[in-house]
Amino acid sequence: MVKGKQKKRSRSTVHSSRKQRSRAPDRERTRGKRPDLRVEIAGLPLKNPVMTASGTFGYGTEFTPFFDLNALGAIIVKTVTMHPRLGNAPPRIAETAAGMLNSIGLQNVGIDGFRREKLPFLQTLATPLLVNIAGKSVEEFADLAKRLSDAEGVAGIELNISCPNVAGGLDYGTDPRLTYEVVRAVRQTTTLPVIPKLSPNVTDVTVIARAAADAGADALSLINTIVGMAIDVRTRKPKLPGNTGGLSGPAIRPIAVRMVWEVAQVVKLPLIGIGGIMTGEDAIEFFLAGASAVQVGTANYLDPLAPMKVLAGIEAYLIRHGFDAVTPLIGTVLPPDPETE
Amino acid sequence: MEDRGWIVQAEMHSLRRFEPDYFLQRFTSPPLAFQPGQFVMVKPSGSLDLFLPRAYSILRVQRLSTGSRGKKVNVVEILYKVLGKGTTALSQLKPGDRVDLLGPLGNGYHVTQGVTTAILVAGGIGVPPVVALAERLASSRFTVHGSRRKSVGRRSSDTDRRSSDFDETSASSVEPLGRAVIGHRKMVAFVGGKSSTDALCLTDLRKAGAVLHVATEDGSLGHQGLVTDLLESYLRSSGHSAELSRSLDGHRSTIYACGPHPMLYAVTQIAERFQISCQLSLEAEMACGFGACMGCVIPVKSPELRVESLGQSVNREPSTVNERRYKLCCKDGPAFDAREIAW
């Protein structure tokens with residue numbers, strides 16, 4: 001990944017002008033003091049802005065050998081549906097350049113299994129738990145939300161209205177009317193924070209974002225995977241048996257950053273940026289574009305310590321650039337340099 | 001169950017090519033404790049085009065002297081055939097090149113007490129876990145309960161593997177464990193390949209004390225035909241039968257196999273015919289290797305069929321429920337009881 005001169009130049013511009021505008025303390029005063037990483041999302045105070053993206057973090061236990069889960073800002077677990085789901089037939093994974101296609105098909109233990117088998121461990125954590133849910137109908141979404149509202153240890157609900165790998169999975173995230181209905185139904189069912197996860201598989205993501213906001217969403221997560229396809233040229237068959245899958249990884253990051261930036265212009269809700277975040281600087285891009293927090297997804301597969309490395313990278317950036325907190329960065333991307341003659 | 005792994009920013013130590021396109025590759029690592037059949041995820045550090053790490057069965061872990069100064073390094077060895085992007089990239093590394101290496105991962109072969117003949121079956125590039133098992137059995141240092149823990153560097157407390165039947169350290173560095181030692185009295189290995197160059201690790205298996213049977217499809221080495229033909233005629237001639245296995249409660253022999261899918265299927269059928277317990281090391285496309293991505297599912301017949309003691313359930317019919325189930329190759333396997341696989 002070659003970083004062009006242009007990019008380096010604009011970074012240093014950000015640095016110097018931030019200093020002027022928010023009068024960030026100079027290095028003398030911040031030396032030895034760690035930056036304040038706290039952010040607030042949908043009324044939830046988080047000790048740092050790094051979360052794990054649904055579907056890439058299992059139910060948490062898969063990562064306990066590697067690091068203390070309480071070091072995360074929040075945990076988002078694999079999508080839970082009303083009934084257990086077997087998931088799609090293998091192969092479910094296809095590597096692509098700087099990314100991968102997946103077609104897992106929402107394999108999960110179902111809401112009852114989740115509450116019985118998975119939740120007890122998650123309840124032992126101090127880190128807020130956001131549960132990602134997917135319903136087949138507006139009523140089912142609301143019912144799932146209700147069952148989670150009763151459960152102890154659930155801090156919020158993320159709505160998967162954007163899964164590309166199950167029949168009808170994208171419907172609620174690509175039609176603003178349906179987005180509105182499902183968010184409103186969940187909103188009316190629960191007092192927990194409601195965070196719809198938006199799909200990039202739309203012409204104008206701001207339309208969907210507005211619908212979700214109008215329906216009472218507390219925050220928005222974006223983006224889910226992009227529908228993609230890979231073909232094995234030796235067999236001349238699709239690499240995934242369902243033809244298509246969801247593309248994730250650094251390959252989609254520019255799309256995600258763009259969509260966060262677009263939504264940040266029209267919606268005043270806190271945004272959670274997702275899409276190919278591998279390093280702290282990747283996360284910083286999302287903050288500048290307007291996200292208040294980020295989710296680390298596919299990177300977890302390559303390196304189970306990825307969320308911790310992203311967190312350390314964010315802190316290092318803040319120190320290096322003289323910021324004493326993460327919040328002053330949010331949404332402060334500067335206008336491009338004027339074109340020179 | 002309790003997968004314990006760690007990330008190593010490892011370096012390539014050495015690479016040796018076996019014509020036509022097999023490579024034995026060593027990476028420097030902390031002392032790595034592993035069960036035969038466990039694997040590591042490896043990819044060159046920093047590559048984005050080659051995005052996902054690949055799973056490689058651990059062939060061997062050892063301590064080597066390097067250079068004239070006699071400095072010792074720990075290495076983990078893998079053996080692979082160059083088939084695609086991942087293996088091509090690894091085969092082009094130079095000594096000192098950095099790799100991301102995570103492991104050991106998964107559940108290896110489960111060696112039960114009372115088994116007197118270990119029947120090893122390897123097809124082509126499926127040979128590494130089988131050799132790892134042969135060498136471990138040869139060292140006769142596996143215990144029933146794995147009660148002794150070895151210090152393995154600073155992560156020692158993280159490496160006690162609950163289900164381990166083995167003393168987990170490499171063959172060169174541990175004293176025998178004394179009383180708890182059990183062993184296969186006999187080790188028979190069947191190695192198959194398309195041609196003589198595809199029948200690998202024969203010397204290693206022989207050194208480990210295995211009686212060797214080799215089959216090649218073109219007849220360039222050993223028996224001309226399939227390795228499973230050799231397996232079947234061996235079982236018949238050595239007096240194995242379903243009746244005998246039943247009377248011995250299935251404890252007489254166990255087959256441990258790894259290789260291409262059709263071979264594993266044939267081995268499973270043979271094992272069933274002779275009522276011999278059989279474990280297969282499987283592979284599947286995986287992104288993470290530790291249960292997070294849920295990509296590497298293996299269709300299985302019933303969740304209960306994998307039993308603690310292989311002997312107890314020999315006569316139990318696998319449930320033929322229509323309900324399909326999946327297990328994760330990386331976390332539930334990669335070694336599975338052959339009877340639980342839904343082919």
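Just so we're clear, the structure is a prediction, and the values are computed from it rather than from any experiment. All values below were derived from every heavy atom in this structure, side-chain atoms included, with hydrogens, water molecules and symmetry-related copies excluded. Residue numbering restarts at 1 for every chain, and letters A, B, ... go by the order of the sequence lines.
Annotation for B/V297 and A/P90: closest pair O-CG, 3.6 Å, computed over non-hydrogen atoms. B/L83 approaches A/R234 most closely through the heavy-atom pair O-NH1, 4.1 Å. For the residue pair A/I104 and B/C293, the shortest heavy atom distance occurs at CD1-O, 3.3 Å. Smallest separation of non-hydrogen atoms from A/K78 and B/M294: CE-SD, 3.9 Å. Minimum heavy-atom separation, B/A292 to A/E62: N-CG, 4.2 Å. Counting all heavy atoms, side chain and backbone alike, B/Y326 lies closest to A/G87 at CE1-O, 4.0 Å.
For an aromatic pair to be called close, the ring centres must be under 6.0 Å apart, and A/F63 with B/F290 satisfies this.
B/K43 and A/E95 are not joined by a salt bridge, as no carboxylate oxygen comes within less than 4.0 angstrom of a charged side-chain nitrogen.
Contact of B/I298 with chain A is not made at all, since no heavy-atom distance falls under 4.5 Å. Using a 4.5 Å cut-off between heavy atoms, A/T96 contacts chain B through its backbone alone, with no side-chain atom that close. With a 4.5 angstrom heavy-atom cutoff, B/A284 does not touch chain A via any of its atoms.
A/N300 places none of its side-chain heavy atoms less than 4.5 Å from the side chain of B/C288.
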